[in-house]
Amino acid sequence: MSELVNKTETKAERIARRHRERDEKMKATTGYKVWSVIFTIFYPFIAVFTFLFSGILAAFSAISRAFAWVISGGKSH
């Protein structure tokens, strides 16, 4: 019988419950489901692009540092 006794919710529990309810409603929408599928499909392309772009940026950075080193007459500072 003690299991059936309703205990009052604390403020933190109430906030957590409302967040869960809001998240469940959001995840049930068509837009959320479509976005999830699109993101899942395009994630590999985004990751590869990020990797390539970072590599290109690193290469240009190295070229820039080398050029600055040559212009400064071989000084590192």
Side-chain angles (χ1 to χ4, degrees):
M1 195 64 139
S2 63
E3 297 166 4
L4 298 176
V5 175
N6 289 338
K7 74 171 198 160
T8 58
E9 252 181 343
T10 66
K11 183 176 180 180
E13 290 170 337
R14 185 173 61 251
I15 291 170
R17 178 181 49 80
R18 288 179 180 169
H19 284 203
R20 275 193 311 276
E21 290 170 356
R22 183 194 62 205
D23 290 347
E24 288 169 6
K25 284 181 187 177
M26 178 189 62
K27 288 178 181 180
T29 63
T30 304
Y32 182 88
K33 292 175 183 177
V34 168
W35 172 251
S36 295
V37 169
I38 290 172
F39 186 80
T40 302
I41 291 169
F42 283 103
Y43 185 81
F45 299 104
I46 295 167
V48 168
F49 173 79
T50 302
F51 179 73
L52 292 176
F53 191 79
S54 297
I56 291 167
L57 186 64
F60 277 108
S61 178
I63 292 167
S64 175
R65 280 184 282 136
F67 186 69
W69 183 78
V70 169
I71 295 296
S72 71
K75 297 177 185 171
S76 61
H77 297 94

Please tabulate, for side-chain N and O atoms in residues 37-63, each donor-acceptor pair with protein atoms closer than 3.5 Å (sequence neighbours left out).
unit_1, atom_1, unit_2, atom_2, d
Thr40, OG1, Ser36, O, 2.7
Thr50, OG1, Ile46, O, 2.8
Ser54, OG, Thr50, O, 2.9

Please enumerate all residues that pass side-chain contact (heavy atoms from CB on, under 4.5 Å) together with Thr30, with sequence neighbours excluded. Val34

Residue list, side-chain hydrogen bond (donor to acceptor under 3.5 Å, both in side chains) with Glu24, at least two apart or on another chain: none

Quick one: side-chain hydrogen bond (donor to acceptor under 3.5 Å, both in side chains) partners of Arg14, sequence neighbours excluded? none

Rounded to the nearest 0.5 Å, what's the gap from CD on Glu13 to CZ on Arg17? Could you check? 10.0 Å

So, for Tyr32 and Met26, which heavy atoms are closest and what is the spacing to 0.1 Å? CB-O, 3.3 Å

Residues that, via side-chain heavy atoms closer than 4.5 angstrom, fall in one hydrophobic cluster with Ile15: none

